[in-house]
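Read the structure below first, then the notes.
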There are 2 protein chains.
Amino acid sequence: MQTADILNSHCLSRTVLRHLTDRWTPFIVTVLADATPHRFTVIKQRIQGISPKVLTETLRSMERDGLVDRQVTASIPPKVEYQLTPLGLSVVPPIEALRLWAEEHLEEVESHRAQYDARCAASADGAS
Amino acid sequence: MQTADILNSHCLSRTVLRHLTDRWTPFIVTVLADATPHRFTVIKQRIQGISPKVLTETLRSMERDGLVDRQVTASIPPKVEYQLTPLGLSVVPPIEALRLWAEEHLEEVESHRAQYDARCAASADGAS
DNA sequence: CCGTATCCAAGGTGATACTG
DNA sequence: CAGTATCACCTTGGATACGG
């Protein structure tokens, strides 16, 4: 096979990265990072602001990519649990690193944003 | 301050992660990962399929967040170079890890997708 | 409880042509 | 060379209500 090169527009690794960076994928990975099964409702409650529709869609996509295993227990009420597969667990470190970076550098980034916006406002003033 | 928690819907670290996972941000980080300045056109050529508009937007966003430094050399023709700031360089390892994961696990993911789709087709057949 | 169905809004993204 | 300007799309994501 040819070595994957994500800079190549035809390389399918782009679709893989795209899924990993879907809006809610990192959140789901974070919740499931401890490798234990989690119920739909629990995941939904932990990830504040996600809608059931999108959670379902994202979980399905992750299941299709082999990142998540879905276990259904036929019972009343129904019980469905999701957990990361070995493949899914292997993506935890990169995702967690990214999440931690976002959390740890939040203030620094906000500071830069404020400075940038202030400079923009100043330029706009000077130009007007 | 309060510790950042990305699972909290009000936590601004979500906006940071959002930018890191913008469609083209990982590509730009990849191209600029060697810490040297790169010209606009070079970046554009390396990232196949990106339009000049979106490249500009993403670079601006990264500049605002303090990840990228933009250096303008007044000359004819104009010369503009972009390079990662120290903050930007600190995000290279997580991003590169994610990119490498996508490239290295491409075949495995594709295999899972094929299996999943085949199962779906089978179920659909059986159900019809 | 675990979703699906439906509709809708938003904005990210793209193609292209043009300018300082 | 390095963008900006426009336009439109169209996928993603959101709100809600309902079904198995």
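Between B:Arg23 and C:dG11 there is no side-chain polar atom (N or O) within less than 4.0 angstrom of OP1 or OP2. Contact check, B:Arg39 against D:dA2: a side-chain N or O comes under 4.0 Å of OP1 or OP2. For the OP1/OP2 pair of D:dT11 and a distance below 4.0 Å, the side-chain nitrogens and oxygens of A:Arg18 include no atom meeting the criterion. Between B:Tyr82 and D:dC1 there is no side-chain N or O to OP1 or OP2 distance below 4.0 Å.
Taking for each of A:Pro78 and A:Thr21 the nucleotide of DNA chain D with the nearest heavy atom, the 5'-most of the two is the partner of A:Thr21. Residue whose closest nucleotide on DNA chain C sits further toward the 5' end, between B:Val54 and A:Pro52: A:Pro52. Toward the 5′ end of DNA chain C lies the nearest nucleotide of A:Phe40, the other residue of the pair A:Phe40 and A:Lys53 mapping further downstream.
No donor-acceptor contact under 3.5 angstrom links the side chains of A:Arg14 and A:Ser9, judged on distance only. Of the N and O atoms on the side chains of A:Thr36 and A:Gln83, not one donor lies less than 3.5 Å from an acceptor on the other residue.
Checked against D:dG20, D:dT4, D:dC1, the side chain of B:Thr41 finds its nearest nucleotide in D:dC1. Comparing C:dA15, D:dG3, C:dG3 by their closest approach to the side chain of B:Ser51 singles out C:dA15. Counting only heavy atoms from C-beta on, A:Trp24 has its side chain closest to D:dG14 among D:dG14, C:dT13, D:dG3.
In this structure the side chain of B:Val42 never reaches within 4.5 angstrom of the side chain of B:Tyr82, judged on heavy atoms. At a threshold of 4.5 Å between non-hydrogen side-chain atoms, the residues B:Arg113 and B:Tyr116 do not count as touching.
At the heavy-atom level, A:Thr56 lies under 4.0 Å from base atoms of the strands shown.
Atom CG in B:Leu55 sits about 15 Å away from atom C1' in C:dG12, given to the nearest Å.
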